[in-house]
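Only one structure is covered here, and it is reproduced in the block below.
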Amino acid sequence: MKQTIKDIDVNGKRVLLRVDFNVPLDENGVITDATRINMELPTIKYLLMHNASLVICSHLGRPDGEVNKKYSLFPVAKYLVKELVGRVFFANDCIGEDVENKAKSLKPGEVLLLENVRFHKEEEENDPVFASKLAKLADIYINDAFGTAHRKHASTYGVAKLLPSAVGFLMGKEITAIKGVIDNPERPLVAILGGAKVSDKIPLLNNFVNKCDTLLIGGGMAFTFLKANGVKVGSSLVDDEKIEVAKEILAKAKERGVKVVLPVDYLCSKEFSPNAKGVRVKGDIPEGLQGLDIGKTTIKIFLKEIKNANSIIWNGPLGVFEFKGFAKGTTEIAKAIIKFKGKAIVGGGDSVAAINKVGDTASIYHVSSGGGASLKLMSGESLPCVEIISNK
Ligand code: AMP
């Protein structure tokens with residue numbers, strides 16, 4: 001068992017807290033959705049109430065190892081000042097002498113938010129020297145950045161080797177909820193998988209075959225499987241390098257009695273554009289057309305499987321839901337999951353955005369803050385940044 005925030009004495013200590021403040025900003029640097037910050041407030045407030053001083057670090061966007069003010073965390077500091085009644089300071093960097101001095105002068109109950117860790121290329125390289133510079137800033141390390149827990153970076157992994165460590169409330173909640181469903185599911189367990197990151201997600205599908213009773217595959221993911229089954233997919237999104245893996249997954253599923261449901265009809269278009277008009281195609285897709293949403297018969301089949309399920313995991317939209325004409329598949333599945341009475345876990349930014357659009361998500365067992373991390377955990381794999389945390 002991993003140490004949680006409640007297992008350690010933070011009184012009078014300086015805590016380095018890694019969070020996921022990767023919030024969307026508009027062109028004026030205004031936060032357009034503060035959900036990720038709000039989700040982190042219980043951990044921050046708990047630590048401050050227990051007399052810790054906090055050095056908080058995060059990434060924002062993909063600055064690729066270079067300083068880029070577009071991805072500055074300064075707007076987040078301004079937001080935190082309001083939420084935490086003025087006890088927040090901001091550092092223009094995340095390592096170095098100035099930052100160390102600022103961290104040292106913090107009093108219990110105060111917060112220092114560091115500038116974006118990804119302004120240094122060493123962060124994503126998990127550079128040990130960079131990790132040791134981060135470790136210098138505190139006595140204890142707490143990781144609450146579930147969304148990046150599958151990536152071994154300096155601030156999510158390297159630093160955990162250097163300080164006594166624990167997981168934060170958000171990380172703890174994610175792990176408990178997801179493992180709670182995956183390790184001992186009420187069957188049948190139905191996985192709904194979509195999206196476009198085919199090469200990332202296909203290897204994990206292999207694990208899903210060991211866990212689930214039924215796999216519903218839609219979105220861009222479906223076409224690699226359809227092609228593997230000999231269906232013509234026109235110019236739809238396909239990862240040709242993963243056709244063999246798809247074949248193996250289909251064979252393994254058959255052997256294990258796992259039902260794999262692929263789309264039987266699609267809404268297709270000649271072009272990939274927001275105003276594209278959908279044409280319904282059943283079976284083989286002609287050359288020049290690409291499938292951008294699941295069709296109405298497929299929606300019906302998927303909804304029936306959802307009705308028969310006792311547990312559900314969902315990651316990835318079933319179509320290009322950002323385009324008005326191709327959102328129906330994702331919207332219908334989202335509505336069904338909101339009505340679903342069993343335990344459902346929804347992960348992935350797009351699936352969560354889609355479900356938030358169609359209704360109140362309070363009835364859903366768990367809406368995850370992570371995409372890749374939740375998918376990995378759902379598939380039964382462990383997360384390296386959790387594994388590295390000190391044991392109880
Ligand atoms: P992911 O990050 O893997 O969950 O992928 C999300 C993206 O998949 C969204 O931006 C969708 O527009 C895209 N997507 C879903 N269905 C399709 C499709 N049939 N063809 C191309 N892209 C798709």
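Just follow the structure's listing: the first ligand is 1, and inside any ligand the first atom is 1. Everything numeric here is computed off the predicted structure, so don't read it as measured data.
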- [ ] Kindly say whether G380 contributes a backbone atom to a donor-acceptor pair with the side chain of N207 at under 3.5 angstrom?
- [x] no
Open item on the list: Main chain of C57, side chain of S155: is a donor-acceptor contact present, judged purely on distance under 3.5 Å?
Closed with: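 A pair under 3.5 Å: no.
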Geometric N/O contact [X] with ligand 1, under 3.5 angstrom:
X    : value
N315 : no
K201 : yes
P317 : no
A196 : yes

Task: Cluster link V19 to Y71, ILVMFWY, side chain under 4.5 Å - done: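 As far as the 4.5 Å side-chain criterion goes, Y71 and V19 are connected within one cluster.
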Task: Contact check, G291 vs ligand 1, heavy-atom distance below 4.0 Å - done: yes
Task: Non-hydrogen atom of F223 closer than 4.0 Å to ligand 1 - done: yes
TODO: Could you tell me if the ring centre of Y266 sits under 6.0 Å from that of F223?
DONE: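 Yes: the rings meet the under 6.0 Å criterion.
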Can a donor-acceptor pair be found between the side chains of [X] and [Y] at a distance below 3.5 Å?
X    : Y    : answer
S235 : Q290 : no
T43  : D144 : yes
H59  : R18  : yes

Got the closest protein heavy atom to [atom], with its distance?
atom                    : result
atom 15 (C) of ligand 1 : G319 O, 3.1 Å
atom 6 (C) of ligand 1  : D350 OD2, 3.0 Å
atom 2 (O) of ligand 1  : K197 NZ, 2.8 Å
atom 17 (C) of ligand 1 : G220 N, 3.3 Å

Open item on the list: One residue to check: E322. Relative to ligand 1, which of side chain, backbone, both or neither has a non-hydrogen atom less than 4.0 Å away?
Closed with: side chain
- [ ] List every atom of ligand 1 that sits less than 4.0 Å from any heavy atom of G195, numbering the atoms from 1 in the order shown and giving each element.
- [x] 1 (P), 3 (O), 4 (O), 5 (O), 6 (C), 8 (O)
Task: Shortest non-hydrogen contact between E271 and A276, atoms and distance - done: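 For E271 and A276, the tightest heavy-atom pair comes out as O-CB, 3.6 Å.
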Open item on the list: I need the minimum non-hydrogen distance between K296 and D265, along with the two atoms involved.
Closed with: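 Heavy atoms only, the tightest pair is N-OD2, 3.1 Å.
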Task: Closest candidate by heavy atom, reference atom 23 (C) of ligand 1, pool L193, V233, V320 - done: V320
